Amino acid sequence: YPGWKKMNSGTGYHLGIVILYALVGLTGLTAIINAFIPEATVLPILVFVGISSYAQAFDVVKSKYYPAVIMASVPVAVEFIINNVAEGGLAGLAMYKPGSAFIGLIVGCLFVFIIDNNWRNAAVTSVIAVGLTAIGMIHSPSIVLTEGYVFETNFIIAYAICAVGFLIMHLIKFNHKAHEADLEAERQAELSQAKQF
């Protein structure tokens, strides 16, 4: 996204990409494209784009958010590892494979909100995770009302406990004063850096 922004791409560009992906994914054009363009040709390009995007993430976010960037990529890395080990290996990590991209987004958001002491948004994110787990978008091989759907009680309980915990932390304003002091120090550092230029 930062690279596209430098090329002055706006909302229209991103909406166009979404519409294109939707058409390709929902109409079966993927098979036709794969017939003309071998996967082995595209894979190195995708790997390069992935590595470039991942490296760029560390350039455009503040260093305090580095843990969130790393943790957001862990579920996808786990899925890659599971796909490349013997069947039945790493059974404890297998439930992070279904919906790993969504899980990565949730984990990344949670870490950003924890770093920012934004307990309310962390609670909301945890509630969303409960909903996604309940309908089978994450931690289940299939979505609700389909054959492979698995109701993952343990994950629902874990996300619900996180939601309640974060809500309590929001209500008692946990670590609020210390975070305000950190934000003020960040603002002062940015002001002094701007004055130098």
Side-chain angles (χ1 to χ4, degrees), residues 1-11 13-15 17-18 49-81 93 95-135 137-140 152 154-197:
Y1 288 109
W4 293 335
K5 287 295 182 188
K6 284 181 181 176
M7 293 187 289
N8 295 322
S9 67
T11 307
Y13 175 80
H14 301 293
L15 285 174
I17 293 292
V18 169
V49 169
I51 291 170
S52 299
S53 300
Y54 194 62
Q56 198 174 54
F58 290 97
D59 287 337
V60 298
V61 301
K62 294 178 180 176
S63 59
K64 70 177 184 177
Y65 295 121
Y66 287 175
V69 173
I70 294 166
M71 290 305 296
S73 63
V74 167
V76 179
V78 166
E79 180 184 8
F80 175 79
I81 293 166
L93 298 175
M95 293 318 298
Y96 291 96
K97 181 181 173 184
S100 62
F102 281 123
I103 297 169
L105 287 171
I106 289 166
V107 170
C109 287
L110 281 175
F111 268 76
V112 166
F113 296 140
I114 290 168
I115 290 166
D116 284 343
N117 289 309
N118 191 338
W119 310 117
R120 181 178 59 95
N121 285 1
V124 170
T125 304
S126 299
V127 170
I128 291 170
V130 169
L132 289 174
T133 305
I135 64 172
M137 288 295 291
I138 57 176
H139 305 301
S140 174
E152 281 296 332
N154 292 336
F155 281 103
I156 288 178
I157 291 170
Y159 289 131
I161 290 170
C162 286
V164 171
F166 289 136
L167 182 61
I168 291 169
M169 292 166 87
H170 170 69
L171 293 174
I172 66 171
K173 297 184 187 273
F174 179 78
N175 206 30
H176 186 68
K177 288 182 180 177
H179 183 61
E180 286 297 320
D182 289 343
L183 287 177
E184 184 58 34
E186 277 182 30
R187 280 192 286 268
Q188 293 300 327
E190 287 171 2
L191 282 171
S192 63
Q193 192 174 21
K195 287 177 182 176
Q196 290 175 357
F197 293 108

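The shown structure was predicted, so the numbers you read here are calculated from the model rather than taken from an experiment.
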Trainee: Looking only at non-hydrogen atoms, find the nearest pair between C109 and T125 and report the distance.
Mentor: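 That closest heavy-atom pairing would be CB-CG2, 4.1 Å.
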
Trainee: Between atom CG of N175 and atom CE of M169, what is the distance when rounded to the nearest 0.5 Å?
Mentor: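 Between atom CG of N175 and atom CE of M169 there are 8.0 Å.
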
Trainee: Testing the 3.5 Å rule here: is there a donor-acceptor pair between the side chains of S73 and Y54?
Mentor: yes

Trainee: Measure the spacing between CG of L110 and OH of Y159 and express it to the nearest 0.5 Å.
Mentor: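 Answer rounded to 0.5 Å: 8.0 Å.
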
Trainee: Quick one: side chain to side chain contact (heavy atoms under 4.5 Å, CB included) partners of E184, sequence neighbours excluded?
Mentor: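 Expected list: R187, Q188.
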
Trainee: What closest approach, in Å, do I138 and A129 show between heavy atoms, and which atom pair accounts for it?
Mentor: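 Heavy atoms of I138 and A129 come nearest at CD1-O, 3.9 Å.
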
Trainee: Working to the nearest 0.5 angstrom, can you tell me the gap between C162 SG and I157 CD1?
Mentor: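 Spacing of SG (C162) from CD1 (I157) equals 12.0 Å.
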
Trainee: If every non-hydrogen atom of V112 is compared with every non-hydrogen atom of A68, which pair is closest and at what distance?
Mentor: CG2-CB, 3.6 Å

Trainee: How close do V69 and A57 get, counting heavy atoms only, and between which atoms?
Mentor: CG1-CB, 4.0 Å

Trainee: Nearest 0.5 angstrom please: S140 OG to E152 CD, how far?
Mentor: 7.0 Å

Trainee: Kindly list each side-chain donor-acceptor pair under 3.5 angstrom involving residues 95-106, sequence neighbours excluded, with atom names and distances?
Mentor:
from : atom 1 : to  : atom 2 : distance (Å)
K97  : NZ     : N83 : OD1    : 2.8
S100 : OG     : E79 : OE1    : 2.3

Trainee: What pairs with F174 under ring pair (Phe, Tyr, Trp, His ring centres under 6.0 Å), at least two apart in sequence or on another chain?
Mentor: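 Ring pair (Phe, Tyr, Trp, His ring centres under 6.0 Å) check on F174 returns W119.
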
Trainee: Return the set of residues passing salt bridge (Lys or Arg N to Asp or Glu O under 4.0 Å) with D182 (not counting sequence neighbours), or none when no residue passes.
Mentor: none

Trainee: Is atom CZ of F80 surrounded by more than 12 heavy atoms (other residues, nucleotides or ligands) closer than 6.0 Å?
Mentor: no

Trainee: Could you tell me which non-hydrogen atom of H139 sits nearest to which non-hydrogen atom of T133, and how far apart they are?
Mentor: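 Result for this residue pair: CD2-OG1, 3.7 Å.
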
Trainee: Minimum heavy-atom separation for H14 to G10, with atom names?
Mentor: CD2-O, 3.1 Å

Trainee: Side chain to side chain contact (heavy atoms under 4.5 Å, CB included) between Y13 and N8: does it pass, once the steps are laid out?
Mentor: CA-CA 10 Å; Y13 175 80; N8 295 322; over 6 Å; no

Trainee: Quick one: side chain to side chain contact (heavy atoms under 4.5 Å, CB included) partners of K62, sequence neighbours excluded?
Mentor: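 K64, Y65, E186, E190.
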
Trainee: Of all residues at least two apart in sequence or in a different chain, which pass the side chain to side chain contact (heavy atoms under 4.5 Å, CB included) check with L167?
Mentor: A123, L171

